[in-house]
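Numbers restart at 1 for each chain; the letters A, B, ... are given by sequence-line order, proteins then strands.
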2 protein chains.
Amino acid sequence: MVKTLRVPEATVTRLSIYSRYLERLDRNGVTSVSSGEIADGVGVSPAQVRKDLAYFGEFGTRGVGYNVKDLMRYTLKILGLDRHWNLVMVGAGNLGYALCTYKGFNMRGFSIVGVFDNDLTKIGKRINDLEVLPMESMPDIIKDHNVRIGIIATPTRAAQEVADYMIKCGMQAILNFAPLPLTLPDYIEVRNVDLSVKLEILTFNLGFKSAQNV
Amino acid sequence: MVKTLRVPEATVTRLSIYSRYLERLDRNGVTSVSSGEIADGVGVSPAQVRKDLAYFGEFGTRGVGYNVKDLMRYTLKILGLDRHWNLVMVGAGNLGYALCTYKGFNMRGFSIVGVFDNDLTKIGKRINDLEVLPMESMPDIIKDHNVRIGIIATPTRAAQEVADYMIKCGMQAILNFAPLPLTLPDYIEVRNVDLSVKLEILTFNLGFKSAQNV
DNA sequence: TATATCATGTGAAGTAAATAACATTAACTG
DNA sequence: CAGTTAATGTTATTTACTTCACATGATATA
């Protein structure tokens with residue numbers, strides 16, 4: 001039976017964390033796990049774990065717990081990770097380079113199949129087995145590799161224009177690393193990864209603690 | 001009057017966004033702004049903007065709005081960004097390199113003053129004007145530069161050990177880029193930046209839309 | 001100086017999320 | 001095979017967050 005309740009984004013976020021934790025348990029040969037153990041492992045409450053899973057069905061056995069491999073597969077499937085996802089990226093600077101070589105994406109079934117830049121000094125360079133291409137090549141790559149998600153790793157000033165172009169090329173979702181809120185049509189899925197926001201939460205919190213500083 | 005109410009983390013996150021938006025307005029020569037304009041600029045509701053600010057005081061003028069430069073300074077001060085913050089980082093791989101050269105940190109008053117690695121092939125290399133140092137050098141750098149915050153940009157398997165070492169060296173807060181929940185004492189402030197979680201929120205959401213795929 | 005307009009600040013109302021509590025079912029024990 | 005323990009799934013409760021609505025104070029206008 002499919003639950004049609006709206007799922008909180010926080011739940012999806014935690015699901016991603018759970019599934020990675022389950023992969024680790026599985027690699028370590030653990031076959032069974034309880035909501036309490038998952039909770040301890042990722043730093044939430046056991047009730048939260050069960051509640052999150054309850055949005056999608058019943059995956060455990062009362063009195064026993066969860067089968068690690070099964071729950072891992074279920075969570076991956078829920079997240080849409082039971083398949084392979086091809087991505088394109090714009091921005092071949094240091095951040096773009098780091099993201100292209102980031103193992104964490106591959107481990108979750110993501111492949112960056114095209115890297116684009118408008119900087120002539122960057123076009124033609126190689127990142128792993130990819131050549132940095134001019135922006136005009138994007139439509140072909142997208143078509144050839146069935147790409148639906150684009151990553152923006154450009155300087156802030158270019159981000160909006162790049163996003164607009166991506167949408168023109170048919171992208172349905174954008175992961176934006178530029179610290180700028182993008183203005184896009186509602187039907188486009190966008191999430192921002194702002195590298196310094198979390199840092200500023202830390203400085204905010206440290207502000208209430210003993211300064212002991214210069 | 002100081003409000004002692006607990007401030008939601010979501011509010012702090014938005015404050016960080018507001019303050020960057022205000023900096024942009026200020027650079028563009030805008031001197032006055034309303035909660036509605038801020039709201040439109042960053043994609044939240046006007047009431048939300050006012051509520052967020054209300055946790056910290058009254059910064060506007062009724063009937064008029066906010067002075068851009070003043071509000072910018074207030075928000076920066078609230079976030080603890082009215083001062084300079086020195087950081088250390090462990091992990092001189094591609095991600096570490098990208099973070100070291102990331103302009104967004106400098107623009108907000110952050111400086112990475114030490115980069116460490118235990119990989120002998122990386123130690124001695126230069127990133128900008130910094131030399132990659134062995135882990136043993138961390139305590140001296142921290143003391144010399146009054147560092148309170150550490151960044152972890154290592155492979156997942158090293159992250160916990162690095163975090164423990166940072167705390168031994170006196171760090172009070174950690175920004176962790178490794179996709180692994182760290183187990184640390186309560187008095188340490190930790191935030192994780194997981195590069196693929198947001199990507200998986202996108203795939204989750206795309207899962208409910210027309211597949212049109214292979 | 002009265003009047004109209006504007007936009008903040010805030011208490012109240014509404015919504016959403018997290019936690020607690022417990023009934024249910026499975027496994028183990030003697 | 002009854003009794004005990006364990007851990008899920010789910011309802012109820014509490015807490016937290018957001019939105020609404022409006023009184024308040026400021027500016028502009030005639």
Side-chain angles (χ1 to χ4, degrees), chain A residues 1-18 21-22 25 30-72 74-75 78 201 204-205, chain B residues 1-18 21-22 25 30-72 74-75 78 181 201 204:
Chain A
M1 181 192 48
V2 179
K3 306 249 179 131
T4 45
L5 279 169
R6 203 194 140 271
V7 179
E9 181 147 325
T11 289
V12 182
T13 299
R14 284 188 296 265
L15 223 52
S16 168
I17 311 279
Y18 301 158
Y21 180 70
L22 290 164
L25 290 182
V30 179
T31 57
S32 181
V33 70
S34 70
S35 61
E37 291 168 305
I38 296 173
D40 287 346
V42 307
V44 301
S45 73
Q48 183 79 82
V49 173
R50 298 199 297 275
K51 202 74 199 281
D52 286 336
L53 294 173
Y55 281 100
F56 305 99
E58 304 189 7
F59 306 108
T61 310
R62 294 174 189 222
V64 180
Y66 304 91
N67 177 284
V68 169
K69 222 180 257 297
D70 288 347
L71 188 58
M72 177 187 80
Y74 280 126
T75 51
I78 291 164
I201 292 173
F204 174 84
N205 288 332
Chain B
M1 179 194 50
V2 178
K3 307 248 178 134
T4 45
L5 280 169
R6 201 192 143 275
V7 180
E9 181 148 328
T11 290
V12 182
T13 299
R14 285 188 296 263
L15 223 51
S16 168
I17 312 278
Y18 301 158
Y21 180 69
L22 291 164
L25 289 182
V30 179
T31 58
S32 180
V33 71
S34 71
S35 62
E37 291 168 304
I38 297 174
D40 287 347
V42 306
V44 301
S45 73
Q48 183 78 82
V49 173
R50 297 199 299 273
K51 243 304 148 63
D52 285 337
L53 294 173
Y55 281 101
F56 303 99
E58 305 189 5
F59 306 108
T61 309
R62 293 172 190 224
V64 180
Y66 304 91
N67 177 285
V68 169
K69 223 181 258 294
D70 287 348
L71 188 57
M72 177 188 81
Y74 280 126
T75 51
I78 291 164
I201 292 173
F204 174 83

- Note on the structure: Here the distance between atom P of dC6(C) and atom OH of Tyr66(B), to the nearest Å, is 17 Å
- Start at the 5' end of DNA chain C and walk down; is the nucleotide closest to Thr11(A) or to Val64(A) reached first? Thr11(A)
- Any side-chain heavy-atom pair of Tyr18(A) and Val44(A) under 4.5 Å: yes
- Can you tell me how far P of dA7(C) sits from CZ of Arg50(B), to the nearest Å? 10 Å
- Message: Does Thr31(A) form a side chain to side chain contact (heavy atoms under 4.5 Å, CB included) with Val68(A)? I'd like the steps, not just the answer.
- Response: CA-CA 5 Å; Thr31(A) 57; Val68(A) 169; 5.5 Å; no
- Check whether any side-chain heavy atom of Phe56(A) sits under 4.5 Å from a side-chain heavy atom of Thr11(A), and report yes or no. yes
- Heavy-atom side-chain proximity of Thr75(B) to Phe59(B) below 4.5 angstrom: no
- Item | Interatomic distance where CZ belongs to Arg6(B) and P belongs to dA18(C) [whole Å] | 12 Å
- Query: Under 4.0 Å between a side-chain N or O of Thr61(B) and OP1 or OP2 of dA26(D)?
  - Reply: no
- Query: Rounded to whole angstroms, how far apart are CZ on Arg14(B) and C1' on dT19(D)?
  - Reply: 12 Å
- Task: Find the distance between CG (Leu22(A)) and NZ (Lys69(A)) and round it off to the nearest 0.5 Å.
- Result: 11.5 Å
- Tyr55(A) OH to dT10(D) P, straight-line distance once rounded to whole Å: 13 Å
- Within less than 4.0 Å of OP1 or OP2 of dT19(D), is there a side-chain N or O belonging to Gln48(B)? yes
- Could you check how far OH of Tyr74(A) sits from P of dT8(D), rounded to whole Å? 16 Å
- Under 4.0 Å between a side-chain N/O of Arg62(A) and OP1 or OP2 of dA27(C), yes or no? no
- Query: So which nucleotide from dA7(C), dC17(D), dA26(C) ends up closest to the side chain of Ser34(B)?
  - Reply: dA7(C)
- Query: Would you say the side chain of Lys51(B) and the base of dT19(D) hold a donor-acceptor pair, judged only by whether the two atoms sit under 3.5 Å apart?
  - Reply: yes
Please write out the pairs of protein N or O atoms and N or O atoms of nucleotides 28-30 of chain C separated by less than 3.5 Å, giving the distance to one decimal.
none

- Starting from P on dT18(D), measure out to CG on Asp52(B) and report it in whole angstrom. 7 Å
- Message: Output the rounded distance in Å from CD (Glu58(A)) to C1' (dT11(D)).
- Response: 14 Å
- Gap separating the CD1 atom of Ile78(A) from the CG atom of Asp52(A), nearest 0.5 angstrom: 10.0 Å
- Query: So what does Ser35(B) hit on the nucleic acid, given a heavy-atom distance under 4.0 Å: a base, only sugar-phosphate, or nothing?
  - Reply: sugar-phosphate
- Test applied, side chain to side chain donor-acceptor pair (under 3.5 Å); reference residue, Ser35(A); option that passes from Arg50(A), Gln48(A), Lys51(A): Arg50(A)
